[in-house]
A.B. asks: 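Input: one structure, supplied below.
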Amino acid sequence: MTDLRELHRRALQVSVDVVDQVSPDQLALPTPCSAWNLGQLLAHMVGQNHGFAAAARGESKDAGIFQPRPIEADPAGLHAASAADLAAAFAEDGLLDRQVWLAEITAGPVFPAPVAISFHLVDSVAHAWDVAESIGVPVAFDPEVLQTALAVSRRIPDAENRLEPGSAFAPGAVVEPGAAAFEEILALLGRSPDWRG
């Protein structure tokens, strides 16, 4: 079985590859996250990457570490730097034995590191797709990443907090019989494969 951290690294790299295709003049584009345009989504992604990295290192219990970061000067570069920060934090020796403080998860806020990694893996898959849809480019993940993301997505509560402003996930959609793994993930996270900005 592939190490969860390796699967996360693969998902995170796909998000970097997609965001690398974003140009500064595209930041006002709409995204499948209806409350956010592309610039706001990228600011959220960068903030989450740095926040998860700091939490994994045990550096802070300040909810502010997860807040969006300004990205207008260099969207792709700042996102890639945040992803590198997170990849390094998740690769540290002893991480899998730690507890990780995640301020924004209502069921928590303290989780075993493998659970925290799985949360961010799902975020990486969902938001890479969001960005790709926003700018009209394809995105693909390897089957192991998708199967892991699907297993985690099936366990995410479809609760009222998904209706709150700024929620990363909209209420879940109907999963069609025989849906492919990626389609089921999108539906469980409240996204439509047929979204058009």
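Just so you know, these numbers use all the heavy atoms, side chains as well, and skip hydrogens, waters and symmetry mates.
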A.B. asks: Do L186 and W36 belong to the same hydrophobic cluster, where Ile, Leu, Val, Met, Phe, Trp and Tyr are linked whenever their side-chain heavy atoms lie under 4.5 Å apart, directly or via other members?
C.D. replies: yes

A.B. asks: Give the C-alpha distance, both sets of side-chain angles, the deciding distance and a yes or no for side chain to side chain contact (heavy atoms under 4.5 Å, CB included) between V14 and V125.
C.D. replies: CA-CA 8 Å; V14 172; V125 169; over 6 Å; no

A.B. asks: Might you work through the side chain to side chain donor-acceptor pair (under 3.5 Å) test for H79 and D20, ending with a clear yes or no?
C.D. replies: CA-CA 8 Å; H79 177 264; D20 277 351; 5.9 Å; no

A.B. asks: Looking only at heavy atoms, what is the nearest atom pair of A83 and N49, with distance?
C.D. replies: N-ND2, 3.8 Å

A.B. asks: I'd like to know whether R98 forms a salt bridge (charged side-chain N to carboxylate O under 4.0 Å, His left out) with E92, so could you lay out the CA-CA distance, the side-chain angles of the two residues, the decisive distance to 0.1 Å, and finally the verdict.
C.D. replies: CA-CA 11 Å; R98 297 179 199 159; E92 287 185 0; 3.2 Å; yes

A.B. asks: Write down the atom of L78, the atom of P70, and the distance for their closest heavy-atom approach.
C.D. replies: CD1-O, 3.6 Å

A.B. asks: Return yes if some donor-acceptor pair links the side-chain N/O of S134 with the main-chain N/O of P30 below 3.5 Å, else return no.
C.D. replies: yes

A.B. asks: For Q21 and D17, indicate whether the former's side chain and the latter's backbone hold a donor-acceptor pair under 3.5 Å.
C.D. replies: yes

A.B. asks: Assess the residue pair L42 and Q26 against the criterion (side chain to side chain contact (heavy atoms under 4.5 Å, CB included)); give the C-alpha distance rounded to whole Å, side-chain angles, the decisive distance to 0.1 Å, and a yes or no.
C.D. replies: CA-CA 11 Å; L42 294 178; Q26 294 176 309; over 6 Å; no

A.B. asks: Which heavy atom of F52 sits nearest to which heavy atom of A116, and what is that distance?
C.D. replies: CE2-O, 3.5 Å

A.B. asks: Look at the side chain of Q99 and the backbone N and O of A113, then say whether any donor-acceptor pair between them is shorter than 3.5 Å.
C.D. replies: no

A.B. asks: Could you pull out the closest heavy-atom pair between V100 and A55, with the gap in Å?
C.D. replies: CG1-CB, 3.7 Å

A.B. asks: Do the ring planes of H44 and H127 sit parallel (below 30°), tilted (30 to 60°) or perpendicular (above 60°)?
C.D. replies: perpendicular

A.B. asks: So, are D3 and R9 salt-bridged, with charged N and O less than 4.0 Å apart?
C.D. replies: no

A.B. asks: Once rounded to the nearest 0.5 Å, what's the spacing between atom CG of L146 and atom CD of E183?
C.D. replies: 11.0 Å

A.B. asks: What residues, two or more places apart in sequence or in another chain, satisfy side chain to side chain donor-acceptor pair (under 3.5 Å) together with D25?
C.D. replies: S23

A.B. asks: Could you check whether any side-chain N or O of R5 sits under 3.5 Å from a backbone N or O of F90, counting only pairs where one atom can act as donor and the other as acceptor?
C.D. replies: yes

A.B. asks: Quick one, L41 with V131, criterion side chain to side chain contact (heavy atoms under 4.5 Å, CB included). Give me CA distance, side-chain angles, the key distance, then yes/no.
C.D. replies: CA-CA 8 Å; L41 173 59; V131 174; 3.8 Å; yes

A.B. asks: Is R10 salt-bridged to E144, cutoff N-O under 4.0 Å?
C.D. replies: yes

A.B. asks: Before giving the answer on side chain to side chain contact (heavy atoms under 4.5 Å, CB included), spell out for L27 and I71 the whole-Å C-alpha distance, their side-chain angles and the decisive distance to 0.1 Å.
C.D. replies: CA-CA 10 Å; L27 298 182; I71 50 85; 3.9 Å; yes

A.B. asks: Say you draw a straight line from CD of Q147 to CG of L7; how long is it, rounded to the nearest 0.5 Å?
C.D. replies: 11.0 Å

A.B. asks: If only atom types and distance count, is the side chain of Q48 paired as donor or acceptor with the main-chain N or O of M45 below 3.5 Å?
C.D. replies: no

A.B. asks: Grab the two heavy atoms, one from S15 and one from S124, that are nearest each other, plus how far apart they are.
C.D. replies: CB-O, 4.2 Å

A.B. asks: Testing V122, V115, D123, I117 for side chain to side chain contact (heavy atoms under 4.5 Å, CB included) with F119, which one passes?
C.D. replies: V115

A.B. asks: Is the shortest side-chain heavy-atom distance between P24 and P75 below 4.5 Å?
C.D. replies: yes

A.B. asks: Please report the interatomic distance CG(L4) to CG(L96), rounded to the nearest 0.5 Å.
C.D. replies: 7.5 Å

A.B. asks: Do you know the tightest heavy-atom contact between A28 and N37?
C.D. replies: O-CB, 3.8 Å

A.B. asks: Check for a donor-acceptor pair, side chain of D142 on one end and backbone N or O of V145 on the other, with a separation under 3.5 Å.
C.D. replies: yes

A.B. asks: Would a single hydrophobic cluster contain both L86 and V16, if residues Ile, Leu, Val, Met, Phe, Trp and Tyr are joined by side-chain heavy-atom contacts under 4.5 Å?
C.D. replies: no

A.B. asks: What distance separates I135 CD1 from L38 CG, expressed to the nearest 0.5 Å?
C.D. replies: 7.0 Å

